[in-house]
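The figures here come from the full heavy-atom set of this structure, side chains too, leaving out hydrogens, waters and symmetry mates. Predicted model, so just to flag it, every value in this text is computed and none were measured.
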Amino acid sequence: MLQNFMQHCGFVFQFEKVCIVCDRPCKLSFDQQNMLHAEGEPALQFPDGYSVYACHGRHASQQERYYEEQDPDSV
């Protein structure tokens, strides 16, 4: 049972008194240097809709995404 579970899980974070196990992501994008990266879309996305935006390994903040989504003439 545990072996089957481990084959199908995603990330596992083990600490002294707790273990966090995540689903596998449905999308994972990297640049040529193997850094988390995607332009204009999430670089990491999970089936439940949670996603992470990243540009060459750097987390894109919500404010940066706001400006990327705006019309250049209105900002």
Hey, what do you get for CG (Asp31) to CG (Leu36), rounding to the nearest 0.5 Å?
8.5 Å
Above 12 or not: heavy atoms from other molecules or residues under 6.0 Å from CD of Glu41?
yes
Hey, are the side chains of Val52 and Pro42 touching, using non-hydrogen atoms and a 4.5 Å cut-off?
no
Value rounded to 0.5 Å, distance of CD in Gln32 from NE2 in His56:
9.5 Å
Under the side chain to side chain contact (heavy atoms under 4.5 Å, CB included) rule, what do His37 and Cys55 come out as? Steps first, then yes or no, please.
CA-CA 5 Å; His37 174 77; Cys55 183; 3.9 Å; yes
At what distance, to the nearest 0.5 angstrom, does CZ of Phe46 lie from SG of Cys26?
8.5 Å
Do Met35 and Arg58 come close enough that some side-chain heavy atom pair is under 4.5 Å?
no
Evaluate the side chain to side chain contact (heavy atoms under 4.5 Å, CB included) criterion for residues Leu44 and Ser51: first the C-alpha distance (whole Å), next the side-chain angles of each, then the deciding distance (0.1 Å), finally the verdict.
CA-CA 5 Å; Leu44 173 65; Ser51 59; over 6 Å; no
Separation between CD of Gln45 and OH of Tyr53, rounded to the nearest 0.5 Å
7.5 Å
Let's go through Val18 and Phe13 carefully: what are the C-alpha distance in whole Å and the side-chain angles of both, what is the deciding distance for side chain to side chain contact (heavy atoms under 4.5 Å, CB included) to 0.1 Å, and is it a yes or a no?
CA-CA 9 Å; Val18 73; Phe13 303 96; over 6 Å; no
Looking only at non-hydrogen atoms, find the nearest pair between Phe30 and Asn34 and report the distance.
CD2-O, 3.6 Å
